[in-house]
**Student:** 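My questions all concern the structure below.
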Amino acid sequence: MRHLLDTVSLTRAEAISLLDIAEEMTLVSAREVKKLPVLRGRTVVNLFFEDSTRTRLSFEAAAKRLSADVLNFSAKGSSVSKGESLQDTVQTISAMGADALVVRHSGSGTPHRLAHTGWIDVPVINAGDGTHEHPTQALLDAFTLRRALGGFPASGAVKDGPRGRGLDGAKVAIVGDILHSRVARSNVHLLARLGAEVHLIAPPTLLPWGAETWPVTLHYDLDEALSGVDFAALMMLRVQHERMHESFFPNEREYSRLWGLSASRLDRLPAETFIMHPGPMNRGFEISAAAADSRRTLILDQVENGVSVRMAVLYRLLTGQEDHNE
Ligand code: NCD
């Protein structure tokens, strides 16, 4: 593995190996000194052309826990606003010394371009490109689910965690704005690869063209889907207004009434169904406060696990090693 650009090209073995390394990393994060010296003297550059809170901080925390130096670039306030091209921006930054680039960009395919044009020669990690993919989010979701469904604590250090396993047979639903969601695309591919049964629940206007060719079951009515299938987990998605240039549903109240995880829908779910959300959440819209704060939510576990998963990805790409055992 040279880059991490998507989940569609990850094999089951590669995905499980990354999740297993992440299990090792949770042990590091539980120590008083949360550091490993493995990337000492290496520089990880966070190149963010789109807004982010958790993903950028999570990559920064991950790189620092592996003792790497971190340079943070955000397009806002940079020479991008003076017209500097992507090529010049990237080459300028890598001239300062970069051993890996973590890239978020509104253009689908930008990380692939950086990895393959020859402008730079370092591992590229996709931290979200347009409506295409967000592989580390899907990996942290899979990590969290593998823990929770295996009967382990959903986050934190676990010495003998669910290593070596996939998500075989788990029924997972992704609900809402699939059309604009790179999280959904990365999850569809990874969950399917790990053996889960993936269901997409969305209004037809918010499903991408061609979704019927994906390895998923499609539902166009949330209540019908929830009464027909006992899901192991529901992944609620944010409605991405910033990517919407036309009207995809009548109004917010209508969306929330038909597609939101309300308190009453939450009450009707089987007691063991977990609730997930990649964040940022729109409370009271796609997810009620009751659901966001309920005992069965894994939302903060997802954030915590994100650091271990990103440590695993950086470790794997920058050292070339497949496992980390001290
Ligand atoms: C997501 C993203 O940016 O793709 N957030 C995240 O990285 N956790 C989802 C979103 O913006 O709704």
Side-chain angles (χ1 to χ4, degrees), residues 4-8 22 46-63 72 74-76 102-112 125-145 154-155 172-191 200-202 206-208 233-245 248-249 252 255-256 259-261 275-287 291-292 297-310 313-314:
L4 179 66
L5 303 175
D6 50 42
T7 57
V8 75
N46 279 327
L47 207 57
F48 277 63
F49 292 87
E50 254 193 14
D51 297 345
S52 172
T53 304
R54 71 210 80 222
T55 306
R56 198 190 59 69
L57 287 176
S58 183
F59 269 110
E60 183 168 352
N72 285 310
S74 114
K76 264 189 204 138
V102 176
V103 186
R104 169 168 287 197
H105 199 282
S106 59
S108 299
T110 300
H112 281 77
I125 301 169
N126 181 0
D129 61 331
T131 58
H132 176 230
E133 282 229 30
H134 191 353
T136 56
Q137 179 69 42
L139 284 164
L140 74 90
D141 290 340
F143 181 94
T144 308
L145 268 176
S155 58
V172 181
I174 308 178
V175 187
D177 183 2
I178 315 278
L179 179 64
H180 300 102
S181 178
R182 51 200 179 202
V183 174
R185 276 172 191 71
S186 284
N187 262 306
V188 164
H189 301 305
L190 185 64
L191 288 168
L200 301 183
I201 312 177
L206 288 178
L207 274 169
L234 297 185
M235 292 184 177
M236 304 306 297
L237 296 176
R238 184 174 68 86
V239 173
Q240 302 200 15
H241 291 287
E242 74 277 20
R243 295 189 210 279
M244 292 189 183
H245 306 296
F248 290 88
F249 48 85
E252 295 207 351
Y255 183 91
S256 177
W259 300 100
L261 186 55
I275 311 298
M276 303 174 79
H277 194 304
M281 290 187 274
N282 284 310
R283 276 173 184 258
F285 187 30
E286 77 269 357
I287 188 165
T297 180
L298 299 174
I299 297 168
L300 290 176
D301 301 290
Q302 290 171 266
V303 175
E304 183 178 334
N305 293 334
V307 178
S308 305
V309 163
R310 291 175 176 121
V313 169
L314 289 170

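Start at 1 and go down the list; that is how both ligands and their atoms are numbered. In what follows, residues are counted from 1 in the order of the sequence shown.
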**Student:** Output the distance between atom OG1 (Thr136) and atom CG (Leu314), rounded to the nearest 0.5 Å.
**Tutor:**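 One gets 9.5 Å once the value is rounded to the nearest 0.5 Å.
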**Student:** Please report the interatomic distance CG(Leu237) to OG(Ser181), rounded to the nearest 0.5 Å.
**Tutor:** 4.5 Å
**Student:** Give the residue and atom name of whichever protein heavy atom lies nearest to atom 3 (O) of ligand 1, and the separation in Å to one decimal.
**Tutor:** Arg182 NH2, 2.9 Å
**Student:** Closer than 4.0 Å to some heavy atom of Thr55 - which atoms of ligand 1 meet that?
**Tutor:**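 Contacts of ligand 1 toward Thr55, numbered from 1: 6 (C), 7 (O).
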**Student:** Determine the minimum heavy-atom distance between Ala154 and Asp301, stating which atoms define it.
**Tutor:** CB-CG, 3.6 Å
**Student:** Is there a donor-acceptor pair closer than 3.5 Å between any side-chain N or O of Arg185 and the backbone N or O of Glu133?
**Tutor:**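 No, the answer is negative, given that no donor and acceptor are paired below the 3.5 Å cut-off.
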**Student:** What distance separates Ile201 CD1 from Met235 CE, expressed to the nearest 0.5 Å?
**Tutor:**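 One gets 12.0 Å once the value is rounded to the nearest 0.5 Å.
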**Student:** Are the aromatic ring centres of His105 and Phe48 under 6.0 angstrom apart?
**Tutor:** no
**Student:** Check each heavy atom of Glu50 against ligand 1 and say whether those closer than 4.0 Å belong to the side chain, the backbone, both or neither.
**Tutor:**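 Neither part.
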**Student:** If you measure every N/O of Pro280 against every N/O of ligand 1, is any gap under 3.5 Å?
**Tutor:** no
**Student:** Polar-atom distance check: Arg238 versus ligand 1, any N or O pair below 3.5 Å?
**Tutor:** yes
**Student:** Val183 to ligand 1: N or O pair under 3.5 Å?
**Tutor:**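 Min N/O separation from ligand 1 is not below 3.5 Å for Val183.
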**Student:** Any idea which atoms of ligand 1 are less than 4.0 Å away from a heavy-atom of Gln240?
**Tutor:** 10 (C), 12 (O)
**Student:** Using a 4.0 Å cut-off to any heavy atom of Pro278, which atoms of ligand 1 qualify?
**Tutor:** 8 (N)
**Student:** How many angstroms lie between atom CG of Asn126 and atom NE2 of His134, to the nearest 0.5 angstrom?
**Tutor:**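 Separation between the atoms: 8.0 Å.
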**Student:** Would Gly279 count as a contact of ligand 1 if the rule is a heavy atom under 4.0 Å away?
**Tutor:**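 True for this residue.
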**Student:** Under 4.0 Å from a heavy atom of His134: which atoms of ligand 1 are those, numbered in the order shown and with their elements?
**Tutor:**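 The list of qualifying atoms is 2 (C), 4 (O), 6 (C), 7 (O).
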